[in-house]
K.L.:
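Got a structure here, written out as structure tokens. Questions coming.
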There are 2 protein chains.
Amino acid sequence: MTTQRDKLREDVKFRVLRLLQDNPEMSQRALAQAVGISTGGIHYVLNALVEKGMLKLGNFTAAEDKRRYAYVLTPKGIAAKADLTRRFMIRKLAEYDALKAEIEEVRADLSEQDLADIRATLKAGN
Amino acid sequence: MTTQRDKLREDVKFRVLRLLQDNPEMSQRALAQAVGISTGGIHYVLNALVEKGMLKLGNFTAAEDKRRYAYVLTPKGIAAKADLTRRFMIRKLAEYDALKAEIEEVRADLSEQDLADIRATLKAGN
DNA sequence: CTGAAGTGTTCACAGATTGAACAGGTGAAA
DNA sequence: TTTCACCTGTTCAATCTGTGAACACTTCAG
């Protein structure tokens with residue numbers, strides 16, 4: 001089942017595209033952290049997106065900083081993101097239902113006291 | 001962030017313990033499939049649980065089948081499972097909220113038509 | 001008695017993932 | 001100007017991880 005990994009990869013691509021559409025001047029490291037992967041990893045993903053023609057490297061505006069790029073979505077990238085959005089939605093809604101069902105199922109194994117403790121824990125910070 | 005992986009590992013342990021408590025005579029392959037990992041992987045997990053004293057290998061009842069084991073939870077295993085249940089619940093409730101929030105956020109990017117299509121897709125089988 | 005099928009177990013391998021290190025740009029301070 | 005700490009994107013060796021084919025063994029139907 002490489003399916004699981006593929007899902008995570010697709011999530012990453014979607015989130016990257018989404019983040020960049022709203023803020024094309026994010027640094028690779030900021031993206032990496034936001035998405036939850038390493039610097040090497042984000043670089044790999046960005047390169048892939050550029051080679052597929054979904055992103056193009058614009059020049060960074062502020063002070064003409066020659067180190068950085070602005071990663072702007074191409075029309076193709078915008079279309080791909082729209083498609084990924086639909087697929088993401090479908091996947092997440094399914095996950096949502098599954099999660100809901102599993103929570104309900106496991107809840108039966110917990111005492112009232114446990115549940116009260118858990119609610120208290122969640123009220124506080126993690 | 002190895003945290004993400006650790007979560008998955010803990011989910012696996014919890015689900016294995018949960019499955020075995022209800023049905024100690026499941027085969028490794030059945031467990032593997034139910035939990036979504038490979039045969040090698042499940043064997044590794046079971047060994048770890050046995051070495052930590054949470055499972056003990058009983059003898060399989062039906063026809064005295066010498067190939068198979070029954071994986072029965074020790075008292076320690078039962079306690080560990082109870083603890084994992086609470087932690088699982090906390091984690092999943094947090095995931096549930098996060099997922100809900102993300103879905104709500106992404107929903108704004110989709111048209112009514114898209115949403116209708118998605119609902120139709122979900123009504124059918126994937 | 002034979003052979004197919006099911007069991008737990010092993011392990012070499014492929015692929016993914018990391019994060020330290022690098023070359024270079026920037027900007028403030030000396 | 002020169003220096004230097006800090007920030008870019010980029011690379012890649014090393015590490016981690018999960019996989020699934022293969023193995024020895026047991027069972028049981030034909």
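In what follows, chains are A, B, ... by sequence order, proteins preceding strands, each numbered from 1.
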K.L.:
For the residue pair A:Tyr71 and A:Gln28, confirm or rule out a side-chain donor-acceptor distance under 3.5 Å.
P.N.:
yes
K.L.:
Go through the side-chain N and O atoms of B:Asp117 and B:Gln113 and say whether any donor and acceptor fall under 3.5 Å apart.
P.N.:
yes
K.L.:
To the nearest Å, how far apart are A:Asn47 CG and C:dA16 C1'?
P.N.:
17 Å
K.L.:
Under 3.5 Å, is there any donor-acceptor pair linking the side chain of B:Arg67 to the base of C:dG6?
P.N.:
yes
K.L.:
OP1 or OP2 of D:dT10 versus the side-chain N and O atoms of A:His43: is any pair under 4.0 Å?
P.N.:
yes
K.L.:
Scan B:Tyr44 against the nucleic acid and name what it touches under 4.0 Å (heavy atoms): base, sugar-phosphate only, or nothing.
P.N.:
nothing
K.L.:
Please determine if a side-chain N or O atom of A:Tyr69 lies less than 4.0 Å away from the OP1 or OP2 oxygen of C:dG25.
P.N.:
no
K.L.:
What integer distance in Å separates B:Leu8:CG from C:dT17:P?
P.N.:
12 Å
K.L.:
May I ask you to verify if any side-chain N or O of A:Tyr71 is less than 4.0 angstrom from the OP1 or OP2 atom of D:dG9?
P.N.:
yes
K.L.:
Would you mind reading off the distance between A:Lys13 atom NZ and C:dA16 atom P, rounded to a whole angstrom?
P.N.:
13 Å
K.L.:
So A:Ser27, base contact, sugar-phosphate only, or nothing? Heavy-atom distance under 4.0 Å.
P.N.:
sugar-phosphate
K.L.:
Does a side-chain N or O of A:Arg9 approach OP1 or OP2 of C:dT17 to a distance below 4.0 Å, or not?
P.N.:
yes
K.L.:
After noting the C-alpha distance and the side-chain angles of A:Arg107 and A:Glu104, does the key distance pass the salt bridge (charged side-chain N to carboxylate O under 4.0 Å, His left out) rule?
P.N.:
CA-CA 5 Å; A:Arg107 171 171 276 142; A:Glu104 220 48 56; 3.2 Å; yes
K.L.:
Can you tell me whether the side chain of B:Arg29 and the base of C:dG8 have a donor-acceptor pair closer than 3.5 Å?
P.N.:
yes
K.L.:
D:dT8, OP1 or OP2 - any side-chain N/O from A:Gln28 closer than 4.0 Å?
P.N.:
no
K.L.:
Touch check for B:Ile37, heavy atoms < 4.0 angstrom, all strands: base, sugar-phosphate only, or nothing?
P.N.:
sugar-phosphate
K.L.:
Expressed in angstrom and rounded to an integer, what is the separation of B:Asp65 atom CG from D:dC25 atom P?
P.N.:
16 Å
K.L.:
Round to a whole Å and report the spacing from CD of B:Glu25 to P of C:dG6.
P.N.:
18 Å
K.L.:
Do the charged groups of A:Glu10 and A:Arg87 touch, with an N to O distance under 4.0 Å?
P.N.:
yes
K.L.:
Provide, to the nearest angstrom, the distance between the CE atom belonging to A:Met26 and the P atom belonging to D:dG9.
P.N.:
11 Å
K.L.:
Please report the C-alpha distance between B:Asp83 and B:Arg86 in whole Å, then the side-chain angles of each, then the deciding distance to 0.1 Å, and finally whether the salt bridge (charged side-chain N to carboxylate O under 4.0 Å, His left out) criterion is met.
P.N.:
CA-CA 5 Å; B:Asp83 188 52; B:Arg86 279 189 294 274; 3.7 Å; yes
K.L.:
Specify the separation, in whole Å, of atom CG of B:Leu31 and atom C1' of C:dG6.
P.N.:
15 Å
K.L.:
Return the 5'-most residue of the pair B:Arg68, A:Gly41 with respect to DNA chain C, ranking by each residue's nearest nucleotide.
P.N.:
B:Arg68
K.L.:
Remember a base hit wins even if backbone is also touched, and classify A:Ser38 as base, sugar-phosphate or nothing at under 4.0 Å, heavy atoms.
P.N.:
base
